[in-house]
*Asks:* 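Below you'll find the structure I mean.
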Amino acid sequence: PISMGDYIFILFIFISFSTALTTDKGTCDGEGKTCQFPFLFSGQLHFECSTQAPGGGQGVRGRCPTRLSNLETREASDEPSDWVICGENCPLQRYQGNREIESTMKSLVAQFPGLASLVEVGSSYLGQNIVGIQITRGAGEERELLKPKVRYSGNMHGNEPVGREMLNHLAQVLLRGYGVIDTITELVDNTDITIIPTINPDGFDRASEGSCSGGDYVTGRFNEGDKDLNRDFPTW
């Protein structure tokens, strides 16, 4: 059986594997150089930039390797000169807009048709699509009897956007790590996972980056219908 603790492992995974990993080469860069994702460093597999890069001194800015010491295992170089500060197009380096997140969900479904199915919840008060993704073996088919289900819904408060970025990234990690990382494969095979990165897209648009406090309509916490979704949660 899979314990709840297995769901917490995603962003920093201690792993051992022998299968060559696919790469997202060309989709992210830093300081004019191409980042190598995913990469293995200090026993952890990363699908995102790391603040634990060799050399230290980088503060809170994530870095990524531009060279791998082992192409098969994707072990990153331990030379500080082979690491750069991640650009804004790298994972978890900026807040993506509502249309970008919707595009990501649709793109993942197209790339992984046997594992992912689009979830269309409906529209926001202002008519923005609220979409998510179902991730499981046999997604879109008749559900396996007694297969456990879990749903992650993010961004209930529009001015609290960290969760939506984490969930947007989590969907990519689950799908790109399937068949490569045993724990991910087990989760996806045996659990029906639904991820909805944002259920308050209107509030997100109203919020201001850097203004993380505030508990009303103006600050973006409430949805366009002036509801606090954390106190009036949808039952669907």
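This is a predicted model, so every value here is computed, not measured.
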*Asks:* Could you check D205, N129, N155 and say which one makes a side chain to side chain donor-acceptor pair (under 3.5 Å) with N98?
*Replies:* D205

*Asks:* Flag the pair F37 / C49 as yes when at least one side-chain heavy-atom distance between them is below 4.5 Å, and no otherwise.
*Replies:* yes

*Asks:* Among residues two or more places apart or on two chains, list those pairs meeting salt bridge (charged side-chain N to carboxylate O under 4.0 Å, His left out) that have a residue in residues 161-171.
*Replies:* none

*Asks:* Report yes or no: does S42 contribute a side-chain atom to a donor-acceptor pair with the main-chain N or O of Q44 at less than 3.5 Å?
*Replies:* no

*Asks:* Return yes if some donor-acceptor pair links the side-chain N/O of T191 with the main-chain N/O of L187 below 3.5 Å, else return no.
*Replies:* yes

*Asks:* Just how far is it from atom CG of L40 to atom OG1 of T73, taken to the nearest 0.5 Å?
*Replies:* 6.0 Å

*Asks:* Taking only residues two or more places apart in sequence, or in another chain, which ones meet T185 in a side chain to side chain contact (heavy atoms under 4.5 Å, CB included)?
*Replies:* Y178, D189

*Asks:* Can a donor-acceptor pair be found, under 3.5 Å and without considering hydrogens, that links the side chain of E75 to the backbone of S69?
*Replies:* no

*Asks:* Is V150 reachable from M105 through a run of I, L, V, M, F, W or Y residues, each pair having side-chain heavy atoms under 4.5 Å apart?
*Replies:* yes

*Asks:* Restricting to side-chain hydrogen bond (donor to acceptor under 3.5 Å, both in side chains), what partner residues turn up for Q96, sequence neighbours left out?
*Replies:* none

*Asks:* Does anything in residues 189-211 form a ring pair (Phe, Tyr, Trp, His ring centres under 6.0 Å)? List the pairs, not counting sequence neighbours.
*Replies:* none

*Asks:* Is there any salt bridge (charged side-chain N to carboxylate O under 4.0 Å, His left out) pair reaching into residues 214-224, and which pairs are they, with sequence neighbours excluded?
*Replies:* E160-R221, R206-E224, R221-D228

*Asks:* Excluding sequence neighbours, so at least two apart, what forms side-chain hydrogen bond (donor to acceptor under 3.5 Å, both in side chains) with D202?
*Replies:* S124, Q128

*Asks:* Listed by chain and number, what are the side-chain hydrogen bond (donor to acceptor under 3.5 Å, both in side chains) partners of D78, not counting sequence neighbours?
*Replies:* none

*Asks:* State whether the side chain of T66 and the backbone N or O of C35 hold a donor-acceptor pair below 3.5 Å, judged by distance alone.
*Replies:* no

*Asks:* Ring pair (Phe, Tyr, Trp, His ring centres under 6.0 Å): which pairs involve residues 109-132, sequence neighbours left out?
*Replies:* none

*Asks:* Please check if F47 and V188 belong to a single hydrophobic cluster, counting links between Ile, Leu, Val, Met, Phe, Trp and Tyr side chain heavy atoms closer than 4.5 Å.
*Replies:* yes

*Asks:* Can you list everything that forms a ring pair (Phe, Tyr, Trp, His ring centres under 6.0 Å) with Y217? Sequence neighbours excluded, please.
*Replies:* none

*Asks:* Could you check whether any side-chain heavy atom of I133 comes within less than 4.5 Å of a side-chain heavy atom of L108, counting everything from C-beta outward?
*Replies:* yes

*Asks:* Measure the distance from the SG of C28 to the SG of C86 and say whether it is below 2.5 Å.
*Replies:* no

*Asks:* Quick one: pull up CD in E141 and CD in Q134 and give me the separation to the nearest 0.5 Å.
*Replies:* 9.5 Å

*Asks:* Provide the full list of salt bridge (charged side-chain N to carboxylate O under 4.0 Å, His left out) pairs with a residue in residues 106-127, sequence neighbours left out, each pair given once.
*Replies:* E102-K106

*Asks:* Out of curiosity, I101 CD1 to I196 CD1, how far, rounded to the nearest 0.5 Å?
*Replies:* 12.5 Å

*Asks:* Hey, could you give me the CG/CD1 distance between L170 and I195, rounded to the nearest 0.5 Å?
*Replies:* 4.0 Å

*Asks:* Side chain of S103, backbone of R99: donor and acceptor closer than 3.5 Å?
*Replies:* no

*Asks:* Do H169 and T104 have side chains that get closer than 4.5 Å, going by heavy atoms?
*Replies:* no

*Asks:* Give, for atom OG1 of T34 and atom CZ of R67, the distance between the pair rounded to the nearest 0.5 Å.
*Replies:* 15.0 Å

*Asks:* Partners of E144 by side-chain hydrogen bond (donor to acceptor under 3.5 Å, both in side chains), sequence neighbours excluded?
*Replies:* R137, K147

*Asks:* Is there any ring pair (Phe, Tyr, Trp, His ring centres under 6.0 Å) pair reaching into residues 70-108, and which pairs are they, with sequence neighbours excluded?
*Replies:* F39-W83, F41-W83

